[in-house]
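Any value given below was found using the heavy atoms of this structure, including those in side chains, with hydrogens, waters and symmetry copies removed.
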Amino acid sequence: MTVPGDGSPDDVGRFLAVDSGGSGLRVVVGEVGGSLTSAPLSSGEPVRTGARGIDPGHFMEQLAPLVRVLAEKAAVGELGTAVIGAAGLATLGDGLRAELPGALAREFGVRTVALAADAVTAYVGALGARPGAVVAAGTGLIAIGTDLTGWRRADGWGHLLGDCGGGAWIGRAGLEAALRAYDGRDGGSGALLSCAEEQFGAMAGLPGQVYPRSDRPAVLAAFAPRVAECAAHDPVAADILRAAARHMAESAVAVCPAGGEPQVALTGGLFQMGEPLLVPLHEELAKRLPHARVVPAAGDPLDGAVRIARDLAAGALALPCDGVMLSVVSPKGLPGEPKGTR
């Protein structure tokens, strides 16, 4: 497979990898033939969404200055390949797919662009190009799996419709238990009430601190670690984490290949809560996926974007392209479009 370019090994072998999520962009540049990439630069501001979904103009406003700084430090000219991993791409990515490849070609000479859902880059960062399933959990939650012929996803529907077991889900459940104790209803937790009052102040003012916020999922997720802190001595908190573990395992089952011995990995900041969540989750996975092997995640979504960029530029991309979860385009319409491009 030949990657589109002008025949120069230098520009074809240079790549840009991006992870776009709720905390902003993380960006690196590197060379395909080398083992090192630049240190990542971050924007610290998430890309806006509007009527057309993810705003491609705002994306480039955030991205371009970071790439120029990195390219100058690394003495890199044109970048032959770019891989963009973006949260919300599967459902909110039409504008990004339509405009970003051309913008990258104009600004940086990019000849091949892979647009990937952040779940895909999380998968590749965790497991590489092998069959299995990945549960990615932070503020939200999504599970993704592949048998290398297609992608399957479960949940990832946002804090109002899903993300069951994710940080916002755990935090909301913990605050509900706190409010039950405050009201004197069954199912409440005095321990969680004390934590909520310490973190948010008087419970009567809690709705005003949650409902008007545009970052409401993050506000809810910020209470999830307090649930984990209480789990060792509070049965209500422990039950919340057991329920979260069940939801995660259900999503993993929905996407995990049935044959062989697939690998399952866990990735995302939520798992830093440690044993209070991991112990019941491993129990659920062992019960529901006895044919699978749970393995440590090798890397994060930015590592996954780098892996895809190296494989794509080297002509070795083995992942399924479906136009939604992962698509590869040649923005200038040059010959040599990679195999499997949709």
Side-chain angles (χ1 to χ4, degrees), residues 17-23 26 28 30 35 37 40 42 83 85-87 89 114 116-148 151-156 163-167 169-170 221 224-225 228 241 244-245 247-257 260-286 288-289 291-311 317-320 325-326:
V18 181
D19 173 41
S20 174
S23 58
R26 293 189 300 147
V28 298
S35 60
T37 61
S42 303
V83 174
L89 182 76
D118 62 335
V120 169
T121 52
Y123 184 99
V124 178
L127 289 182
R130 58 173 61 92
V134 169
V135 177
T139 298
L141 185 136
I142 188 169
I144 183 169
T146 184
D147 58 3
L148 299 185
W151 295 102
R152 296 186 66 181
R153 56 163 284 181
D155 213 335
D163 285 357
C164 298
W169 186 95
I170 292 171
L241 295 185
H247 285 305
M248 291 179 183
E250 288 166 357
S251 291
V253 169
V255 302
C256 191
E261 189 183 8
Q263 296 184 357
V264 177
L266 312 175
T267 186
L270 190 65
F271 296 115
Q272 294 176 5
M273 292 199 303
E275 289 190 359
L277 176 61
L278 290 175
V279 168
L281 178 54
H282 281 280
E283 291 173 353
E284 290 290 335
L285 290 172
R288 296 167 184 264
L289 288 172
H291 70 296
R293 183 161 58 95
V294 180
V295 299
D300 67 9
L302 186 57
D303 297 318
V306 169
R307 169 70 182 267
I308 294 171
R310 291 189 187 279
D311 288 352
L317 186 65
L319 299 167
M325 299 299 288
L326 176 63

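Annotation: the span from I144 atom CD1 to L127 atom CG amounts to 10.5 Å, rounded to 0.5 Å. Distance check, rounded to the nearest 0.5 Å: CZ of R130 to CD of Q263 gives 5.0 Å. For the atom pair OG1 of T139 and CD1 of I170, the computed distance is 11.0 Å after rounding to the nearest 0.5 Å. Distance check, rounded to the nearest 0.5 Å: CE of M248 to CG of L241 gives 8.5 Å.
Here the closest heavy-atom approach between residue C256 and residue P262 is recorded as SG-CG, 3.6 Å. Of all heavy-atom pairs between R26 and S42, the closest is CG-OG, 3.6 Å. Closest of all the heavy-atom pairs between A116 and L89 is C-CD2, 3.3 Å. Scanning all heavy atoms of the two residues, the minimum distance from A122 to V134 falls at O-CG1, 4.4 Å. The two residues V264 and A292 make their nearest non-hydrogen contact at CG2-CB, 3.7 Å. When all heavy atoms of T267 and A297 are compared, the pair lying nearest together is CB-CB, 4.3 Å.
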Evaluation steps, side chain to side chain contact (heavy atoms under 4.5 Å, CB included), between L319 and T146: CA-CA 9 Å; L319 299 167; T146 184; 5.6 Å; no
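Residues I308 and T121 meet the side-chain proximity criterion, which asks for heavy atoms closer than 4.5 Å. Side-chain atoms of L141 and W169, non-hydrogen and from C-beta on, never get closer than 4.5 Å to each other.
Judged by distance alone, with hydrogens and angles left aside, the side-chain atoms of D303 form a donor-acceptor pair with the main-chain N or O of D300 at under 3.5 Å. Counting only distance, with no hydrogens or angles, the side chain of Y123 and the backbone of G132 share a donor-acceptor pair below 3.5 Å.
In this structure, the side-chain contact (heavy atoms from CB on, under 4.5 Å) partners of D163, at least two apart in sequence or on a different chain, are D155. A search for side-chain contact (heavy atoms from CB on, under 4.5 Å) contacts involving S20 returns L25, V47, F59, A86, not counting sequence neighbours.
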Under 3.5 Å, which donor-acceptor pairs do the side chains of residues 276-285 form with other protein atoms, sequence neighbours left out?
from: E284; atom 1: OE1; to: R288; atom 2: NE; distance (Å): 2.8
from: E284; atom 1: OE1; to: R288; atom 2: NH2; distance (Å): 3.4

